[in-house]
Number of protein chains: 2
Amino acid sequence: MPENLEATQAATAGTRPGGRSARVRADMVTATLAELTEKGYDQLTVEAICHRAGVHKATAYRRWGGVDGLIAGALALSADQPWPIPDTGNVDDDVELLAREVYITFTDRDLRTTPTALIGAALRSDLGAAALGAFFAARHQQAAEVVTRAIGRGQLPFGVDPVELVRATTAPLYHRLFITGEPLDERAAHRAAAAALLAARAGLFDAAVR
Amino acid sequence: MPENLEATQAATAGTRPGGRSARVRADMVTATLAELTEKGYDQLTVEAICHRAGVHKATAYRRWGGVDGLIAGALALSADQPWPIPDTGNVDDDVELLAREVYITFTDRDLRTTPTALIGAALRSDLGAAALGAFFAARHQQAAEVVTRAIGRGQLPFGVDPVELVRATTAPLYHRLFITGEPLDERAAHRAAAAALLAARAGLFDAAVR
DNA sequence: CGTCTAACGCGACGCTGGTCGCCTTAGTAT
DNA sequence: ATACTAAGGCGACCAGCGTCGCGTTAGACG
């Protein structure tokens, strides 16, 4: 394994970005997601991904170091892409929508497969876990916008830590989905949003103190 | 693979529980945890575990079906063992202690390694994930006692769903630990406990309605 | 105390995931 | 336009995981 860290970086920004490398990278990411969605992590094999992408095995191992690196790469790409952030003018609705968005994404029969498989797969290696951390950091940062706007409008007290509110809203949902494996329903999403807002207004998420 | 489900059950309750089988099982569980703690999941190999336990490779594959089964078995054993539940007479303190217990378990330099490795490993396979679900179900059930007692004492309103309160208390912590990989501190534990209690008293965790 | 059989020990084998060295191709720089 | 080089293609090779069939052992039961 020629330095995993380097491999991941290379996957994100090759020293020779033009033309072929970029195409190979794109093809491999696509193929990875496709294979992952169809067969799941346990049946995921580098050879199958390569075959689908029309790329040689050795290349995949060189650039990504294995299955885990490929998943980390796919996740890194997803982290860059922007996510629709609700903006109704009312925090309560915005946060509720945030929670509902997560609920829908991982529940709807047509939408859930790929995201579920991708995150589930990321949990299965140290490399993937690291990429997942970065992914959520990016997402939280984006979603925090909802909170900062609300503070600006006076709908939430000043001290509130935006990211903490976002975390509190989504944590119970991801917890159910990926840790306890309990079913996720609308009520759970609503509860999470309401509880998070309540705590924020009680000053529990204030950045400064405990 | 000869029916994974069956393999897990067999690991839990062999048809011939007396003597040797039981010893083999115990030795293997111990060895699994030891190897897992020392080397981590990625370096975990059935052969090494068997060598340490003085058990033949084929036996391990027959009974547990592979590394994942061994981890599921270890987890199933942990799920059975009781956990110390706080009982101070005051819910606020009890819930706070519940959160703190999680915090300590996964933060203290001397305690954290094995539990962290075990849960982390469980997340890396479907079999392990299933065992993890059962594990948390058992834990939640035990911890719910704190809440039912509090309701009996009139410290919490009647409708509160005990398990939901426990979940809300611990979810943010496990979320940080195993999903986003963010550091866990005392403040986070306190926040989780306080927020959960607040939500419960606001009726957000009432069993009946949304 | 003798018999029965479930479970374990044993070693050899096949398969597949991952590596290596060399050659070819396609961006890049001048 | 031409030379340079990073990156990909290629196939052979190696090792370690997981399997299989058989012999052995030790609980269980009368």
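Each chain gets a letter, A, B and so on, in the order the sequences are listed, and its residues count up from 1. Keep in mind that the numbers below use all heavy atoms, side chains included, and drop hydrogens, waters and symmetry copies. These numbers were taken from a predicted model, which means no experiment stands behind them.
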Please report, rounded to the nearest Å, how far the [atom2] atom of [N] is from the [atom1] atom of [X].
{"X": "H51(B)", "N": "dG11(C)", "atom1": "NE2", "atom2": "C1'", "answer": "17 Å"}
{"X": "Q43(A)", "N": "dT16(C)", "atom1": "CD", "atom2": "P", "answer": "13 Å"}
{"X": "L44(A)", "N": "dG17(C)", "atom1": "CG", "atom2": "C1'", "answer": "13 Å"}
{"X": "W64(B)", "N": "dA7(C)", "atom1": "CH2", "atom2": "P", "answer": "12 Å"}
{"X": "I49(A)", "N": "dG17(C)", "atom1": "CD1", "atom2": "P", "answer": "11 Å"}
{"X": "L70(A)", "N": "dG17(C)", "atom1": "CG", "atom2": "P", "answer": "14 Å"}
{"X": "R23(B)", "N": "dT25(D)", "atom1": "CZ", "atom2": "C1'", "answer": "12 Å"}

What donor-acceptor contacts under 3.5 angstrom involve side-chain atoms of residues 65-79 of chain A, with partners at least two apart or in another chain?
residue	atom	partner	partner atom	Å
D68(A)	OD1	Y41(A)	OH	3.1
S78(A)	OG	A74(A)	O	3.0

Item to complete: Give a yes/no on whether any side-chain N or O of R63(B) is located under 4.0 angstrom from OP1 or OP2 of dC8(C).
Response: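 Yes, because at least one side-chain N or O of R63(B) sits under 4.0 Å from OP1 or OP2 of dC8(C).
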Item to complete: Respond yes when some side-chain nitrogen or oxygen of R25(B) is under 4.0 Å from OP1 or OP2 of dC8(C), and no when none is.
Response: no
Worksheet item: Can you tell me how far the CD atom of Q142(A) sits from the NE2 atom of H140(A), to the nearest 0.5 Å?
Response: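 Rounded to the nearest 0.5 Å, the CD-NE2 separation comes to 11.0 Å.
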Item to complete: To the nearest 0.5 Å, tell me how far L132(A) CG sits from D126(A) CG.
Response: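 Result: 12.5 Å between the selected atoms.
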Fill in: Distance-only side-chain donor-acceptor flag, T114(B) / T37(B), under 3.5 Å
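Yes, side-chain donor-acceptor contact under 3.5 Å.
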Using a cutoff of under 3.5 Å, can you pull out all pairs of nitrogen or oxygen atoms linking the protein to nucleotides 10-16 of chain D, with atom names and distances?
residue	atom	partner	partner atom	Å
dG11(D)	N7	H56(A)	NE2	3.4

Let me have the donor-acceptor pairs involving side chains of residues 175-185 of chain A, under 3.5 Å, with sequence neighbours excluded, atom names and distances please.
residue	atom	partner	partner atom	Å
R176(A)	NE	P183(A)	O	3.0
T180(A)	OG1	E182(A)	N	3.4
T180(A)	OG1	E182(A)	OE1	2.7
E182(A)	OE1	R167(B)	NH1	3.1
E182(A)	OE2	R167(B)	NH1	2.2
D185(A)	OD1	A188(A)	N	3.0

Practice prompt. Kindly calculate the angle separating the two end axes of the helix from dC1(C)-dG30(D) to dT30(C)-dA1(D), each obtained from five base pairs, and round it to 10 degrees.
Written response: 40°
Item to complete: With sequence neighbours left out, write down each residue that passes salt bridge (charged side-chain N to carboxylate O under 4.0 Å, His left out) with D27(B), or none if nothing qualifies.
Response: none
Discussion item. Between the side chains of R52(A) and E38(A), is the shortest nitrogen-to-carboxylate-oxygen separation below 4.0 Å, so that they form an ion pair?
Written reply: yes
Item to complete: Could you tell me whether R100(A) and D93(A) have a side-chain N and a carboxylate O separated by less than 4.0 Å?
Response: no
Discussion item. Run the side-chain contact (heavy atoms from CB on, under 4.5 Å) test against H51(A) and tell me which residues pass, sequence neighbours left out.
Written reply: none
Discussion item. Side chain of Y61(B), heavy atoms from C-beta onward: which of dG18(C), dC17(D), dG9(C) has the nearest atom to it?
Written reply: dC17(D)
